There are 2 protein chains.
Amino acid sequence: MTPDVTAPSRTTYRDVRAAILSRITDGTWGAGTILPSEMELAEAFGCARATVNRAMREIEEMGLVERKRKSGTRVRAAPVRQARFEIPLVGDEIAANGGTYRYALVSTATLPAPDWLRGRMGLGAGDRVVHVTAMHYADGAPHQFEDRWINATALPEVLEASFDKQGPTEWLIAAVPYSEVEIGLMAVAAEGPLCDHLGHAPGAPVFRVERTTWWQGQAITHVRLNHAPGYRMTTRY
Amino acid sequence: MTPDVTAPSRTTYRDVRAAILSRITDGTWGAGTILPSEMELAEAFGCARATVNRAMREIEEMGLVERKRKSGTRVRAAPVRQARFEIPLVGDEIAANGGTYRYALVSTATLPAPDWLRGRMGLGAGDRVVHVTAMHYADGAPHQFEDRWINATALPEVLEASFDKQGPTEWLIAAVPYSEVEIGLMAVAAEGPLCDHLGHAPGAPVFRVERTTWWQGQAITHVRLNHAPGYRMTTRY
DNA sequence: CAGTGGTCTAGACCACCGG
DNA sequence: CGGTGGTCTAGACCACTGT
């Protein structure tokens, strides 16, 4: 047997995905087009149907097509655009950008949960929380002001924790397994301690990330991450 | 043969995924743990390795585990948290919240690309752009001020387009196949026409989504979507 | 080198749903 | 009803990488 010299490796699901994607993005298969069935594509590409299926599932997940049994796969008119943003630890984010990270605890206190927090976290009247504020610096300049509340009823260990050297985020990661998270992004006006710590003028626009974390149905922590002027959250897709 | 009355259907990849997830989220498999190999899990769950593989791939995609050949699957210490935000058409977003949507064109103009835009979009000195500004209302109240620039050199049809009744986003979706997008989120201070249209006081914090769209290596459009006070972008995961 | 994940295959059965 | 996607299987080969 003379082996096939041009030895084309098998068709991979990446090949199929790329081929289909390019037909969609170059307009060959415009919005509303029904794509050939998986069987037909498998034959056309010379591969198994499972391979086409995986390619198609990924394209569907990207939001470019809509799949339904019997009716087939249709190119979406208005792609469900979804952007993915990485939510790294602030220290990692700064290091990734080549900066030097520094952490500084500002304050800690244990107190009954204020009303607005009880609503957010679904706490009862008797629940106590630990309130931590801290600063994160990049290359010596203020980068983020962290304002965090931790449910001491659900997580009594927090009463023993010190956040002198280690930020509350790191402590929580070690203390609590994976959890459900609700994130909100917004623009707010700088006021109070925020101005002092971030060097904002009062009323200046602050980019804020608000995050509430739940574990097994209980709210564990609520945090406001307030960013220094000029901060942008970006992504490509 | 008496058929199995309790007829357990086969183990699906969802079953496997749920089982593994619960062991991770309840702390049974804490951060750093090396999970059993796919073969072992397949045997344990009584299913094919491909089924375990699919479950594991999805868990990996959620950012909970890290997989490497030979070394196996390890539970991440600091989960690469990635939040997915839906980026719907503003009209759809308002309708989804039960509001009434209204669109109003504010201005259009054709002009040479200003310097800052040439940088963003990679345009040459001679390139012309169409500048469109428009308002989006929810239940009659200002919701979003859109400030968009479209590359007329790459997309000459835009010169004939009217944005009286239809927003530029809708027009672009119909005119350009799927494209690559760069998104930035930020907080800025309200100024100029923004104040008038959104009802912000000058200097008030504005949540802005900036988006640049590319198609086949060419920048097609750059848009700033400025939101009315109180706007939040939220997601859960 | 050997173990782990990465992927493909050929075949099968099933669930859904449009005509 | 019949076609389409959804999924599982058993087996195989491969690519990477720790030891």
Side-chain angles (χ1 to χ4, degrees), chain A residues 1 3-21 23-24 29 32-77 80, chain B residues 1 3-4 6-21 23-24 29 32-77 79-80:
Chain A
M1 306 280 208
D4 188 340
V5 180
T6 60
S9 65
R10 293 178 165 176
T11 329
T12 73
Y13 79 94
R14 290 161 190 279
D15 298 333
V16 176
R17 188 183 58 190
I20 296 175
L21 273 177
R23 280 174 177 74
I24 292 177
W29 288 338
T33 306
I34 301 275
L35 271 51
S37 74
E38 295 191 348
M39 266 182 27
E40 292 170 328
L41 288 170
E43 198 171 349
F45 286 112
C47 65
R49 179 165 80 99
T51 305
V52 174
N53 182 271
R54 173 151 182 200
M56 295 286 265
R57 264 194 292 117
E58 295 199 357
I59 293 171
E60 177 186 30
E61 207 186 332
M62 296 163 73
L64 293 189
V65 301
E66 206 172 12
R67 316 193 74 197
K68 262 194 280 192
R69 286 161 156 140
K70 169 72 180 185
S71 31
T73 302
R74 161 193 308 272
V75 180
R76 276 189 199 270
V80 175
Chain B
M1 305 279 207
D4 189 340
T6 60
S9 65
R10 294 178 163 173
T11 332
T12 73
Y13 78 93
R14 292 162 190 277
D15 298 334
V16 177
R17 189 183 58 192
I20 297 176
L21 273 178
R23 280 176 178 73
I24 293 177
W29 286 337
T33 306
I34 302 275
L35 270 51
S37 75
E38 294 191 350
M39 267 182 25
E40 292 170 327
L41 288 170
E43 198 170 350
F45 286 112
C47 66
R49 181 164 78 97
T51 305
V52 174
N53 182 271
R54 175 152 180 201
M56 295 287 265
R57 265 194 292 117
E58 296 198 358
I59 293 170
E60 177 185 32
E61 207 186 330
M62 297 184 210
L64 292 189
V65 302
E66 205 172 13
R67 315 191 74 195
K68 264 195 278 194
R69 285 158 156 143
K70 170 72 180 183
S71 32
T73 302
R74 162 193 307 272
V75 180
R76 278 190 197 269
V80 175

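Chain letters run A, B, ... following the sequence lines, proteins first and then strands; every chain starts at 1. Note that the structure is a prediction, hence the values are computed from the model and not measured.
Side-chain N or O atoms of A:Arg74 include one that pairs as donor or acceptor with a backbone N or O of A:Gly32 at under 3.5 Å. When atom types are taken as modelled, the side chain of B:Glu40 and the backbone of B:Ser37 share a donor-acceptor pair closer than 3.5 angstrom.
Nearest-nucleotide mapping onto DNA chain D: of B:Arg49 and A:Glu38, the residue sitting toward the 5' end is A:Glu38. Residue order along DNA chain C, read from the 5' end via each residue's closest nucleotide, puts B:Lys68 first among A:Cys47 and B:Lys68.
Here D:dT19 presents its P atom at 17 Å from CZ of B:Arg69, a figure rounded to the nearest Å. In this structure, A:Arg57 atom CZ and D:dT7 atom P are separated by 7 Å, rounded to whole Å. The distance between atom OH of A:Tyr13 and atom C1' of D:dG6, rounded to the nearest whole Å, is 18 Å. One can place NZ of A:Lys70 at 13 Å from P of D:dC1, the figure rounded to the nearest angstrom. For A:Leu35 and D:dT4, the CG to P distance is 13 Å, given to the nearest whole Å. Atom pair B:Arg54:CZ and D:dG5:C1' shows a separation of 12 Å (rounding to whole Å applied). For the pair B:Arg17 CZ and D:dC8 P, the interatomic distance rounds to 10 Å; values are reported in whole Å. In this structure, the CG atom of A:Asn53 is 18 Å from the P atom of C:dA12, given to the nearest Å.
A:Arg74 comes within contact range of no nucleotide atom at all, as no heavy-atom separation falls under 4.0 Å.
The two atoms that bring A:Ala55 and A:Val16 nearest to each other are CB-CG1, 3.7 Å, heavy atoms only.
Ion pair A:Arg67/A:Glu60 not flagged as a salt bridge, since none of the NZ, NE, NH1 or NH2 atoms sits closer than 4.0 Å to an Asp/Glu carboxylate oxygen. Taking a cutoff of 4.0 Å between a charged side-chain nitrogen and a carboxylate oxygen, A:Glu61 and A:Arg57 do not qualify as a salt bridge.
Taking only side-chain nitrogens and oxygens, A:Thr51 never comes nearer than 4.0 Å to OP1 or OP2 of C:dT7. Contact check, B:Thr73 against C:dG5: a side-chain N or O comes under 4.0 Å of OP1 or OP2.
When distances are taken from the side chain of B:Arg14 to each of D:dT7, D:dG5, C:dT4, the shortest belongs to D:dT7.
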